[in-house]
There are 2 protein chains.
Amino acid sequence: MGIADRKERDKEELRERILVAAKSLFLQKGVEKTSIRNIADQIEYSPGIIYHYFRDKNEIFHALHQGGFIQLMEKMQVLGVVRNPMERLKAMGSIYITFALENPDMYDLMFIKEAPIDHVSSSEHDNWKEGGGTFNYLRTTIDDCIKAGHFLGHDAEALSYMIWSTVHGMVSLNIRKRCEVVLPHRQETIVVDGLEEFYKILDKL
Amino acid sequence: MGIADRKERDKEELRERILVAAKSLFLQKGVEKTSIRNIADQIEYSPGIIYHYFRDKNEIFHALHQGGFIQLMEKMQVLGVVRNPMERLKAMGSIYITFALENPDMYDLMFIKEAPIDHVSSSEHDNWKEGGGTFNYLRTTIDDCIKAGHFLGHDAEALSYMIWSTVHGMVSLNIRKRCEVVLPHRQETIVVDGLEEFYKILDKL
DNA sequence: AGGAATATTAAACACTGTTTAATTATTTTT
DNA sequence: AAAAATAATTAAACAGTGTTTAATATTCCT
């Protein structure tokens, strides 16, 4: 049955080649400016072949955005050494915005674009498990903070959402170029400055 | 010179008709699914005519998104009666998310989409004055809060950005369907619940 | 070697935003 | 009132898009 296996591997390999081509194009041109024909050109196949490996363009970028979550989760690994849950929460924020600012296009795909998420809602497994993993990580950290006596009188679930929203809001406004409203000489650093303000608040809770 | 005036008015009227058609289509189909030909069909003109009134599709939706800011600013008017600056700040947040949840497509256009903002950065007046107005309103309120003894040790500019980001983050994650990660039975109300948590925090500052 | 199954492609469909030159319609001048 | 000039409008084309279909190569198995 080695032949069938090799065929399986070949199929998998072409799928992977499509993904690699799609990613490189998307990182240098953006999702909407990357066409099926562009990807086909890159891998030197005809455009039609792509539809034998992916249902549509959405599915390709959904597959790609999964890679982003693995990347982000890997960066989060170092948090294991931070014992104090409140410090761990702060470090998480730092890693999150660093990832977003260093990989704006990938972040955009993961948390802002409608494209890959539309594929999730229109498929059988209708929960967004990639995002669920990272959110649960945050949620657990907040639970730890509460156990350590912080966030008295707060609702853990809603608080987690609010905290996530704060960092997401700062980076997404930046990525989607809505920072021109702040003082010109501060635009460069407004996201990290904003995070700093958030830290000051956390220190009081 | 009445003839020239009437011609001027006629031109202005057609421009307005394009805008009305574009808005109605965009609110029921979204920006990217609204084509120039769709708009032309609606006003019963040929597609080409639109380019005598707008440079490109971006300019149309930039013009539209200005209307959204006027709408939002109008809702903010009632804040004048709230004397306590901290209460005013909270009420602002409430108005902001209400506007976003009631007009998700318009909010998307104003604060999330890249389309209309690209027009801003590629034109002569390169600051985003619509957004600037609303941000300054927030900024002034925060200044008032500081004068009233709140937010000790904070940087007003960065704090304003952070607070804006918190509400923006909550609504934009919701609009772009990233809320599936929270507990199912809470998804419906997570944005207002998150805002509630934010209020609790503000009460301590 | 020949038939079945699979992989791949060429071609078409119905769109998109935008530009061009040609055509109406209107105004101004003779 | 007729002719010339100006402005408004359009038809047609261009180069692209995502996706589907039917036809063609290629590989596999008996």
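Within every chain, numbering begins at 1; the chains are lettered A, B, ... in the order of the sequence lines, protein sequences first and strands thereafter.
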Any chance you could lay out the side-chain contact (heavy atoms from CB on, under 4.5 Å) test for B/K57 and B/F61, step after step, and finish with the verdict?
-> CA-CA 7 Å; B/K57 201 183 163 184; B/F61 289 100; 3.8 Å; yes

Can you list the steps and then say if A/D155 with B/K200 is a salt bridge (Lys or Arg N to Asp or Glu O under 4.0 Å)?
-> CA-CA 10 Å; A/D155 168 24; B/K200 289 180 197 164; over 6 Å; no

Kindly say if A/Y53 contacts the phosphate of C/dT8, meaning a side-chain N or O under 4.0 Å from OP1 or OP2.
-> yes

Please confirm whether B/K75 makes a cation-pi placement over B/F99, using NZ or CZ under 6.0 Å from the six-membered ring centre and within 45° of the ring normal.
->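 Output no; distance or angle outside limits.
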
[X] [atom1] - [N] [atom2] separation (whole Å):
X: B/N58; N: C/dT16; atom1: CG; atom2: P; answer: 17 Å
X: A/I39; N: C/dT9; atom1: CD1; atom2: P; answer: 15 Å
X: A/F54; N: D/dG18; atom1: CZ; atom2: C1'; answer: 16 Å
X: A/K33; N: D/dG18; atom1: NZ; atom2: C1'; answer: 17 Å
X: B/I36; N: C/dT18; atom1: CD1; atom2: C1'; answer: 9 Å
X: A/I49; N: D/dA25; atom1: CD1; atom2: P; answer: 15 Å
X: B/E12; N: D/dA8; atom1: CD; atom2: P; answer: 13 Å
X: A/D41; N: D/dA15; atom1: CG; atom2: P; answer: 16 Å

When you get a sec, tell me which of [options] is the closest nucleotide to the side chain of [X]?
X: A/Y45; options: C/dT8, C/dT19, D/dG18; answer: C/dT8
X: A/S35; options: D/dT17, D/dA11, C/dT18; answer: D/dT17
X: B/H52; options: C/dA10, D/dT19, D/dT10; answer: D/dT10

Donor-acceptor pair (no angle test) under 3.5 Å: B/R37 side chain, C/dG17 base =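 In this structure, the two groups form a donor-acceptor pair.
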
State the CG-NE2 distance between A/L205 and A/H150, to the nearest 0.5 angstrom.
->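 Reported value, rounded in 0.5 Å steps: 9.5 Å.
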
